[in-house]
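Contents: one structure, followed by commentary.
The shown structure was predicted, so the numbers you read here are calculated from the model rather than taken from an experiment. These values consider heavy atoms only, across backbone and side chains, with no hydrogens, waters or symmetry-generated copies.
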Amino acid sequence: MAPTLPALLCLGTFRKPIIWAEPSSVVPSGSPVTIWCQGPLHAKSFSLKKEGSSAPWNIHPPLEPWDKASFSIRHVTEQQAGRYHCSHFIGVNWSEPSETLELLVAGRLGDRPSLSVRPGLSVAQGETVTLLCQSGNRTDTFLLSKEGAAHRPMRLRSQDQDGRYQAEFSLNPVTSAHGGTYRCYRSLSTDPYLLSQPSEPLALVVSDYTVQNLIRVGLAASVLLLLGILLCRARRDHREAREAARRNRMMWTSPGFQS
């Protein structure tokens, strides 16, 4: 016999809720952030828990269709950096926890790493792009964040190059989705969720030269077509003028017009 609906709820067969942060999971210290949790329709309650903390944060969804809830932090502090997951409650039991959200607080380390790009700020689709993050201070990990991206920042362990720490983030092959504004951060293994100040922003432009070439070819063809039309019209006008002149000569030389 198939299990009843309450039994299904107890077994946690409903899909995991989805968790994300707005405006980003990388938050400057003291800035606001909202953590969202979304589950099925008509969830009765949502719970947000930070790993290492014994007290979950429970909230009722405020608006129909009651499928998500927001957990707002007005001023993020170092103590709130860490790993979060959420659950939703329907019927008699809580769902399985969501995937983990890493809330990263920037500004703990005062200096800024530098961010550069090879081969340049403007590249074509299909090329290999390398974003180089560097710092003169001891660094265990570098993180690369893309503005507006839903995915987590990329992480790489730093390499010591003659006393200068660096990491190379490779985008290969680059696509139009890679275009945007990037920043990098550094962190220490002792506090992996506390980051440095961000690097200066770097705007990467990815061009589709195939489309651009097609546009250029189309424009060139349009210009040639227009020139052809103008040339044909000029030839036609010239023929009409010659024909009119010939008719006039014949008219004046005909016997009826001689005195």
Side-chain angles (χ1 to χ4, degrees), residues 18-28 31 33 83 99-189 192-226:
I18 301 170
I19 188 171
W20 73 95
E22 291 181 354
S24 172
S25 61
V26 181
V27 189
S31 297
V33 67
R83 295 163 60 90
E99 299 296 330
T100 300
L101 169 73
E102 292 185 346
L103 189 65
L104 307 171
V105 178
R108 170 69 160 76
L109 306 176
D111 64 298
R112 297 174 182 266
S114 64
L115 181 62
S116 57
V117 61
R118 297 194 303 265
L121 291 173
S122 181
V123 295
Q125 287 197 52
E127 290 189 31
T128 297
V129 173
T130 300
L131 295 165
L132 177 63
C133 198
Q134 294 181 307
S135 176
N137 296 290
R138 187 180 74 83
T139 302
D140 297 320
T141 305
F142 284 103
L143 296 91
L144 182 68
S145 174
K146 182 174 180 286
E147 191 174 284
H151 57 74
R152 302 179 183 183
M154 298 171 63
R155 288 179 181 263
L156 283 178
R157 290 196 62 82
S158 68
Q159 304 293 324
D160 187 352
Q161 300 290 332
D162 299 324
R164 187 164 183 83
Y165 297 86
Q166 67 178 45
E168 295 186 352
F169 296 86
S170 179
L171 308 178
N172 180 29
V174 73
T175 68
S176 59
H178 289 113
T181 301
Y182 290 83
R183 293 175 176 83
C184 79
Y185 304 80
R186 70 182 190 91
S187 70
L188 300 173
S189 57
Y193 306 113
L194 301 179
L195 311 182
S196 68
Q197 295 284 349
S199 67
E200 293 297 327
L202 185 149
L204 181 66
V205 178
V206 180
S207 301
D208 186 347
Y209 288 128
T210 301
V211 174
Q212 292 183 0
N213 288 337
L214 289 174
I215 293 173
R216 292 191 184 98
V217 170
L219 289 174
S222 299
V223 171
L224 289 175
L225 178 62
L226 179 60

Qualifying residues under side chain to side chain donor-acceptor pair (under 3.5 Å), relative to E147, sequence neighbours excluded: R183

Side-chain touch P198/P113, heavy atoms, less than 4.5 angstrom: no

Heavy-atom check, side chain of L101 versus side chain of S25, under 4.5 Å: yes

Main-chain N/O of T141 paired to T139 side chain as donor or acceptor, under 3.5 Å: no

Ion pair R155/E102, N-O distance below 4.0 Å: yes

Shortest non-hydrogen contact from V33 toward S24: CG2-O, 3.7 Å

Tell me which donor-acceptor pairs under 3.5 Å the side chains of residues 104-111 have, and how far apart each pair is, sequence neighbours excluded?
residue, atom, partner, partner atom, Å
R108, NE, E78, OE1, 3.4
D111, OD1, R186, NE, 3.2
D111, OD1, R186, NH2, 2.7
D111, OD2, N137, ND2, 3.0
D111, OD2, R186, NE, 2.9

Minimum-distance pair of heavy atoms, taken over all atoms of Q125 and V206: CG-CG1, 3.6 Å

Closest approach of L195 to P192 (non-hydrogen atoms, all atoms of both residues): CD2-O, 4.0 Å

Under 3.5 Å donor-acceptor, D140 side chain and S189 backbone: yes

L144/L131 under side chain to side chain contact (heavy atoms under 4.5 Å, CB included): CA gap, chis, key distance, verdict: CA-CA 9 Å; L144 182 68; L131 295 165; 3.4 Å; yes

Show me the donor-acceptor pairs, under 3.5 Å and distance only, between side chains in residues 163-174 and residues at least two apart or in other chains.
residue, atom, partner, partner atom, Å
Q166, OE1, Q134, NE2, 2.9
E168, OE2, R118, NH2, 3.4
N172, OD1, T128, OG1, 2.9

Heavy atoms of other groups near R157 CZ, more than 12 under 6.0 Å: no

Pairwise side-chain contact, Y185 with S145, heavy-atom cut-off 4.5 Å (strictly under): yes

